Participant: 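Supplied in structure tokens, the structure appears directly below.
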Amino acid sequence: MKNMTKKIFHLFPIKFQNRVREFYKRKIKKETPIAKSSMGVEYPMERKDYILPKKKNAVTINWIAPQPIIGSGGHRNIYRIVHYLSSQGYNVTMYIDPQDPNNPEYVKSGYEAYQKIKDNFFDLGCSIVYGVDHIEKCDILFATHYDSAYIVEANKNKAKLCCYFIQDYECYFNPMSYQYLKAYNTYNMGLYPVTSGPWPLRLLERDFGVKEGMYFRFPIDRSIYYVDSKVKKKQRIVFFAKPYMPRRCYQLGVEALEIVKEKHPEWEIVFYGSNPADYANVPFEFTNFGLVPTICELGDLYRSSRIGIAFSTTNPSLVPYEMMSCGAAVVDLDFNDSVVSYDSAKNISLAKPTKEGVAKAVIQLIEDEKKLEKQVQNALVFCEKFPSEKEMCEKIERNILKQLKKTRSR
């Protein structure tokens, strides 16, 4: 019988025989298929994904997310809404873009991503898949950064609604280059934008003619960030200092604070937000808090400070709003219509983006007690409008379901 099978097999064309041999060769060796990341890097597709059972008749929402980074506020925001949607009974899958699979800090499977996110953030309660080559059909597909926007664009036929979770104007992460243009072009793809704060959405409306979209305000944890009348404010300026993050304009802050310290040496200046060793060659006396261990201690730091400085030229993070909620008067840059992020110039001191301009704004607060107190009170009222984490997620949920309904009706 075996000999008869061999004789019949050899009657087929050579090309067919070779294909059969190759199939069995792969099966025996259990070869791992090769795919490419969004950066064009080849990586082995490991099938150790974290898969949960699908719920019947539930809306399916897929997310393309970057590699998890411990301590990242941007990643926490993504995980926040993913966790919420999972808890509300939607079928949610997160696809991890391998990006640079050779990076030793990066996960190499869906299960490894699940464990890392669970250990350092929280349990997302959704399926997690490593790789972006086999995205399943869904109702809603989300991009979360400009590389993933291209993945969504390539898979738009698999989704009824394609969305773009935008936390920064990512063009500004790059010098004028192909990478700048690559990020820029994603805002012309027609993806429904869900933006962190009103500023990115205003920019998309102004520069790209975007007519549909929504923004959400950051959630403020009022159990951590609050005013305590029992805590005496110090003559302290707290500077969110990130030397290796260009959009945080670290050197501008240092040069401005040198002028402030020269005029008001009695005021303490605190640097925090990076490794203590990163604050080298600061030309004046300052207090080095480095990486503050817990957010509770961060709240204590803000409560004890009278003035906070937090720059971000691509969209504010939670930092200035958390400082405001603790009763600190905040200084940011008056640049590219940044007042939109704060509703009114009454809530914030917006400085010209020069060392003299920033120093002037800080010194005015130091020397004008009434101005400082008025700004603090205005900012507290402003921050009262900010949602809880649940309220933020509910707003996003309502908007994407409304947009999905509109898309289906078309």
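For clarity, every value in this text was computed on a predicted model and none was experimentally measured.
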Participant: Pair Ile237, Val270 - check side-chain contact (heavy atoms from CB on, under 4.5 Å), show working.
Facilitator: CA-CA 6 Å; Ile237 301 164; Val270 173; over 6 Å; no
Participant: What I'd like to find out is whether the side chain of Lys261 reaches to under 4.5 Å of the side chain of Phe286, using heavy atoms alone.
Facilitator: no
Participant: Is Asp139 paired with Lys158 through a side-chain N to carboxylate O contact shorter than 4.0 Å?
Facilitator: no
Participant: Asn120 side chain to Ile70 main-chain N or O, any donor-acceptor pair under 3.5 Å?
Facilitator: no
Participant: Can you confirm if the aromatic rings of Tyr50 and Tyr114 lie within a centre distance of less than 6.0 Å?
Facilitator: yes
Participant: So, taking the atom named NE2 in His83 and the one named SG in Cys126, what distance separates them when rounded to the nearest 0.5 Å?
Facilitator: 10.5 Å
Participant: Check the pair Glu153, Lys156 against salt bridge (Lys or Arg N to Asp or Glu O under 4.0 Å), reporting the backbone distance first and the verdict last.
Facilitator: CA-CA 5 Å; Glu153 172 75 4; Lys156 62 184 179 183; 3.4 Å; yes
Participant: Find the distance between CZ (Phe142) and CD1 (Ile151) and round it off to the nearest 0.5 Å.
Facilitator: 15.5 Å
Participant: Classify the ring geometry between Phe239 and Phe271 as parallel (under 30°), tilted (30 to 60°) or perpendicular (over 60°).
Facilitator: perpendicular
Participant: Give the minimum heavy-atom separation between Arg222 and Cys383, together with the two atoms involved.
Facilitator: NH2-O, 3.0 Å
Participant: Closer than 3.5 angstrom, by distance alone: can the side chain of Lys182 be matched with the main-chain N or O of Tyr146 as a donor-acceptor pair?
Facilitator: no
Participant: Is a side-chain donor or acceptor of Gln67 paired with a backbone partner of Val107 at a separation under 3.5 angstrom?
Facilitator: yes
Participant: So, Ser338 side chain and Leu333 main chain: donor-acceptor pair closer than 3.5 Å or not?
Facilitator: yes
Participant: Kindly compute the distance separating CG (Asn288) from CG (Asp278), expressed to the nearest 0.5 Å.
Facilitator: 9.0 Å
Participant: Would you say Leu401 and Tyr90 make side-chain contact, with heavy atoms under 4.5 Å?
Facilitator: yes
Participant: Could you tell me whether the side chain of Glu391 and the main chain of Ser388 form a donor-acceptor pair under 3.5 Å?
Facilitator: yes
Participant: Please tell me if the side chains of Arg76 and Phe121 come closer than 4.5 Å, counting only heavy atoms from C-beta onward.
Facilitator: yes
Participant: Taking it one step at a time, do Phe386 and Tyr321 satisfy ring-ring contact (aromatic ring centres under 6.0 Å, His included)?
Facilitator: CA-CA 9 Å; Phe386 280 55; Tyr321 308 118; 4.8 Å; yes
Participant: Ignoring hydrogens and geometry beyond distance, is a side-chain donor-acceptor pair present between Thr294 and Glu297 at under 3.5 Å?
Facilitator: yes
Participant: Of all heavy-atom pairs between Asn347 and Met324, which one has the smallest distance, and what is that distance?
Facilitator: O-CE, 3.3 Å
Participant: Do the side chain of Lys395 and the main chain of Tyr215 share a donor and acceptor less than 3.5 angstrom apart?
Facilitator: yes
Participant: Would you say that Val260 contacts Ile366 through its side chain, given a criterion of any heavy-atom pair below 4.5 Å between the two side chains?
Facilitator: yes
Participant: Output yes when Lys406 and Glu212 qualify as a salt bridge under the 4.0 Å nitrogen-oxygen rule, no when they do not.
Facilitator: yes
Participant: Under 3.5 Å, is there a donor-acceptor pair between the side chain of Gln403 and the main chain of Asn399?
Facilitator: no
Participant: Does any part of the side chain of Leu291, heavy atoms only, come nearer than 4.5 Å to the side chain of Pro293, both counted from C-beta?
Facilitator: no
Participant: State, yes or no, whether a side-chain contact exists between Ile396 and Val194 at a heavy-atom distance under 4.5 Å.
Facilitator: yes
Participant: What I'd like to find out is whether the side chain of Val152 reaches to under 4.5 Å of the side chain of Leu191, using heavy atoms alone.
Facilitator: yes
Participant: Tell me the closest heavy-atom pair linking Ser86 and Gly125, and the distance in Å.
Facilitator: CB-O, 3.4 Å
Participant: Going from OG on Ser317 to CZ on Phe240, what distance comes out if it is rounded to the nearest 0.5 angstrom?
Facilitator: 5.5 Å
Participant: Decide if atom CZ of Phe335 counts as having more than 12 heavy atoms of other residues, nucleotides or ligands within a radius under 6.0 Å.
Facilitator: no
Participant: Where the side chain of Asp228 meets the backbone of Lys230, is there a donor-acceptor pair that is under 3.5 Å apart?
Facilitator: yes
Participant: What are the two closest heavy atoms between Thr144 and Pro66, and how far apart are they?
Facilitator: OG1-CD, 3.3 Å
Participant: Could you check Ser196 against Phe216 for side-chain contact (heavy atoms from CB on, under 4.5 Å), going step by step and ending with a plain yes or no?
Facilitator: CA-CA 5 Å; Ser196 175; Phe216 61 91; 3.8 Å; yes
Participant: Hey, what do you get for OH (Tyr342) to CZ (Phe382), rounding to the nearest 0.5 Å?
Facilitator: 8.0 Å
Participant: Taking the side chain from Asn315 and the backbone from Gln167, do they hold a donor-acceptor pair closer than 3.5 Å?
Facilitator: yes
Participant: Looking just at side-chain N and O atoms, do Ser274 and Tyr279 make a donor-acceptor pair shorter than 3.5 Å?
Facilitator: no
Participant: Looking at Lys402 and Glu397, is any side-chain nitrogen of the basic one under 4.0 Å from a carboxylate oxygen of the acidic one?
Facilitator: no
Participant: First locate atom CD1 of Ile166, then atom CG of Leu201, and finally report the distance between them rounded to the nearest 0.5 Å.
Facilitator: 8.5 Å
Participant: Would you indicate whether the side-chain heavy atoms of Leu257 and Ile309 approach each other to under 4.5 Å?
Facilitator: yes
Participant: Give a yes-or-no answer on whether the side chains of Asp207 and Tyr187 include a donor-acceptor pair shorter than 3.5 Å.
Facilitator: no
Participant: Without swapping roles, check the side chain of Lys371 against the backbone of Gln364 for a donor-acceptor pair under 3.5 Å.
Facilitator: no
Participant: Decide if atom CD of Glu136 counts as having more than 12 heavy atoms of other residues, nucleotides or ligands within a radius under 6.0 Å.
Facilitator: no
Participant: Should Arg80 and Glu389 count as an ion pair when the cut-off is N to O under 4.0 Å?
Facilitator: yes
Participant: Going through the distances and angles, do Leu404 and Ile140 end up as a side-chain contact (heavy atoms from CB on, under 4.5 Å)?
Facilitator: CA-CA 8 Å; Leu404 176 62; Ile140 302 172; 4.1 Å; yes
Participant: Quick one: closest heavy-atom pair of Val331 and Ala361, and the distance?
Facilitator: CG1-CB, 4.2 Å
Participant: Can you confirm whether Lys233 is buried at NZ, in the sense that more than 12 heavy atoms of other residues, nucleotides or ligands lie under 6.0 Å from that atom?
Facilitator: yes
Participant: Is there a donor in the side chain of Gln375 and an acceptor in the side chain of Ser349, or the other way round, less than 3.5 Å apart?
Facilitator: yes
Participant: Please enumerate all residues that pass salt bridge (Lys or Arg N to Asp or Glu O under 4.0 Å) together with Arg202, with sequence neighbours excluded.
Facilitator: Asp337
Participant: Yes or no on side-chain contact (heavy atoms from CB on, under 4.5 Å) for Leu85 and Trp63, after CA distance, side-chain angles and deciding distance?
Facilitator: CA-CA 11 Å; Leu85 293 171; Trp63 291 73; 3.9 Å; yes
Participant: Taking the six-membered ring of Tyr226 as reference, does the cationic atom of Arg303 (NZ for Lys, CZ for Arg) lie under 6.0 Å from its centre and within 45° of its axis?
Facilitator: yes
